[in-house]
K.L.:
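A single structure is presented below for examination.
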Amino acid sequence: MPGWPDVLLQPVAEVAPALLGAHLTHGGVTVRLTEVEAYDGPDDPASHAYRGLTARNAVMFGPPGRLYVYFSYGMHWCANVVCGPDGRASAVLLRAGEVVDGLRVARERRGGRADVELARGPANLTQALGIQRHQDGLDLSRRVTLAVSPVPPEHIASGPRVGVTLAHDVPWRFWVKGDPSVSAYKRSPRAPQG
DNA sequence: CTGGGGATTGCCT
DNA sequence: GGCAATCCCCAGC
């Protein structure tokens, strides 16, 4: 298993599950990633990079291993790990994690939620870590620690991405089976029935 | 310049 | 399960 950042150069659907179990540290808080989603730049209709380079997604088109942060629904920040070779514009959305260090700070940022909910959901995870617009483009090389041993495939589940209207048949959401910090799955209201 | 929509969340019934 | 909050992004005129 390749280390950081070479692990990011694999196809994004392999990068995403490889990041499960990794630790990410920012703002005095460390989370263990339990849920992620893959977005494959130019070929993926659900990706922010699908329509090409814009001011918002510029970091996606740069080198791997940096943080791509975007603003969502007028109030939330969400974070991705840029991956693939420079210019490929692939990314892995960080959807959920378990706070393993800095509980006190994370609780303050999340306003007294239950510990298991501190980093459950992409916007909640970024809030627990204190990530906002200013962290767009941040180099993650000294902030990510890959799992000592990868989460075994039999402990990983996959399914459609959350809230995504297009390409709903692509099962590029990956999570640790049975982990309580994984967010409840909500299909996009506009996704096909089933 | 403008307007419709969005990789969400949490509170409401 | 329904829906409001809230504002940036970007496509289109």
Side-chain angles (χ1 to χ4, degrees), chain A residues 8 12-13 15-17 19-20 24 31 33-62 64 66-84 88-99 106-138 140 157-175 180-194:
Chain A
L8 303 177
V12 67
V15 176
L19 291 179
L20 293 174
L24 168 62
V31 300
L33 297 176
T34 58
E35 181 187 357
V36 297
E37 279 176 1
Y39 289 87
D40 193 15
D43 304 328
D44 183 356
S47 170
H48 286 177
Y50 183 56
R51 294 169 196 277
L53 175 66
T54 67
R56 176 177 66 158
N57 65 22
V59 170
M60 294 182 77
F61 287 82
R66 305 210 300 211
L67 202 62
Y68 163 53
V69 180
Y70 69 93
F71 193 56
S72 181
Y73 290 92
M75 67 199 91
H76 302 301
W77 299 96
C78 298
N80 301 248
V81 176
V82 174
C83 57
R88 173 73 190 177
S90 293
V92 173
L93 172 67
L94 308 178
R95 286 202 56 90
E98 173 199 2
V99 175
R107 286 175 185 143
E108 283 176 16
R109 292 197 178 118
R110 291 278 294 127
R113 304 251 149 212
D115 285 355
V116 75
E117 298 178 3
L118 291 177
R120 180 158 72 186
N124 292 336
L125 182 145
T126 57
Q127 187 180 356
L129 290 169
I131 290 172
Q132 293 189 15
R133 159 183 283 162
H134 185 67
Q135 277 70 46
D136 190 39
L138 182 71
L140 294 175
S158 66
R161 294 171 290 186
V162 178
V164 168
T165 307
L166 300 169
H168 196 259
D169 54 320
V170 180
W172 278 0
R173 173 189 178 229
F174 302 89
W175 66 96
S181 68
V182 171
S183 64
Y185 173 64
K186 275 188 189 169
R187 178 168 33 121
S188 167
R190 308 196 64 159
Q193 283 191 327

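Protein chains get the first letters and strands the later ones, always in sequence-line order, with residue 1 at the start of each.
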K.L.:
Name the one of Leu93(A), Val170(A), Val12(A) that satisfies side-chain contact (heavy atoms from CB on, under 4.5 Å) with Tyr39(A)?
P.N.:
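The option that passes is Leu93(A).
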
K.L.:
Just the rounded figure in Å: distance from P of dG6(B) to CZ of Arg161(A).
P.N.:
15 Å

K.L.:
Starting at CG of Leu94(A), measure out to CD1 of Ile131(A) and round the result to the nearest 0.5 Å.
P.N.:
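Rounded to the nearest 0.5 Å, the CG-CD1 separation comes to 7.5 Å.
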
K.L.:
Would you mind classifying the nucleic acid contact of Ala46(A) as base, sugar-phosphate or nothing, using non-hydrogen atoms under 4.0 angstrom?
P.N.:
base

K.L.:
Any base atoms under 4.0 Å from Asn80(A), or only sugar-phosphate, or nothing? Heavy atoms, all strands.
P.N.:
base

K.L.:
If you define the side chain from C-beta out and look only at heavy atoms, does anything of Asp40(A) sit under 4.5 Å from Arg88(A)?
P.N.:
yes

K.L.:
Relative to the 5' end of DNA chain C, which residue comes earlier, Met75(A) or Arg133(A), by the nucleotide with the nearest heavy atom?
P.N.:
Met75(A)

K.L.:
To the nearest 0.5 Å, what is the distance between CG (Asp115(A)) and CD (Glu98(A))?
P.N.:
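Output value for this atom pair is 9.5 Å.
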
K.L.:
Would you say Arg95(A) reaches dA7(B)'s phosphate, i.e. side-chain N/O to OP1/OP2 under 4.0 Å?
P.N.:
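No, because none of the side-chain N or O atoms of Arg95(A) sits under 4.0 Å from OP1 or OP2 of dA7(B).
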
K.L.:
Of the options dG10(B), dT8(B), dA7(B), whose atoms approach the side-chain atoms of Asn124(A) most closely?
P.N.:
dG10(B)

K.L.:
In whole Å, what is the span from the CZ atom of Phe174(A) to the C1' atom of dA7(B)?
P.N.:
15 Å

K.L.:
Roughly how far, to the nearest 0.5 Å, is OG1 of Thr126(A) from CZ of Arg95(A)?
P.N.:
11.5 Å

K.L.:
Suppose we define a pair by two distances each less than 3.5 Å, Watson-Crick or G-U wobble; what does dC10(C) pair with here?
P.N.:
dG3(B)

K.L.:
Which nucleotide sits closest to the side chain of His48(A): dC9(C), dT8(B), dA7(B)?
P.N.:
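Minimum distance to the His48(A) side chain belongs to dA7(B).
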
K.L.:
Is the base of dA5(C) stacked against the aromatic ring of Tyr73(A), taking ring centres under 5.5 Å apart and planes under 30° as the test?
P.N.:
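Stack criterion not met.
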
K.L.:
Over how many whole Å does the gap from Met60(A) atom CE to dC9(C) atom P extend?
P.N.:
15 Å

K.L.:
Are OP1 or OP2 of dG10(B) and a side-chain N or O of Arg110(A) less than 4.0 angstrom apart?
P.N.:
yes

K.L.:
Nearest of dC11(B), dA7(B), dT9(B) to any side-chain atom of Arg113(A)?
P.N.:
dC11(B)

K.L.:
Roughly how many Å is it from CG in Leu93(A) to P in dT9(B), rounded to a whole number?
P.N.:
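Rounding to the nearest Å, CG of Leu93(A) and P of dT9(B) are 9 Å apart.
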
K.L.:
When you check the phosphate oxygens OP1 and OP2 of dC10(C), does a side-chain N or O of Thr54(A) lie under 4.0 Å from one of them?
P.N.:
yes

K.L.:
Does the dA7(B) base have a donor-acceptor partner in the side chain of Tyr70(A) within less than 3.5 Å?
P.N.:
yes

K.L.:
Could you state the CD-P distance from Glu117(A) to dG10(B), rounded to the nearest angstrom?
P.N.:
8 Å

K.L.:
Starting from C1' on dA7(B), measure out to CD on Glu35(A) and report it in whole angstrom.
P.N.:
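That distance rounds to 11 Å.
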
K.L.:
Answer yes if the ring centres of Phe71(A) and Trp77(A) are under 6.0 angstrom apart, and no otherwise.
P.N.:
yes

K.L.:
If you look at every strand shown and take non-hydrogen atoms under 4.0 Å, does Phe71(A) touch a base, only sugar-phosphate, or nothing?
P.N.:
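Touches sugar-phosphate only.
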
K.L.:
I need the CD-C1' distance between Gln127(A) and dT9(B), as an integer number of Å.
P.N.:
10 Å

K.L.:
If you pin Gly74(A) and Ala55(A) to their nearest nucleotides in DNA chain C, which one's is more 5'?
P.N.:
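So the residue in question is Gly74(A).
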
K.L.:
In whole Å, I'd like the distance from the CH2 atom of Trp77(A) to the C1' atom of dG6(B).
P.N.:
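From Trp77(A) CH2 to dG6(B) C1': 14 Å.
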
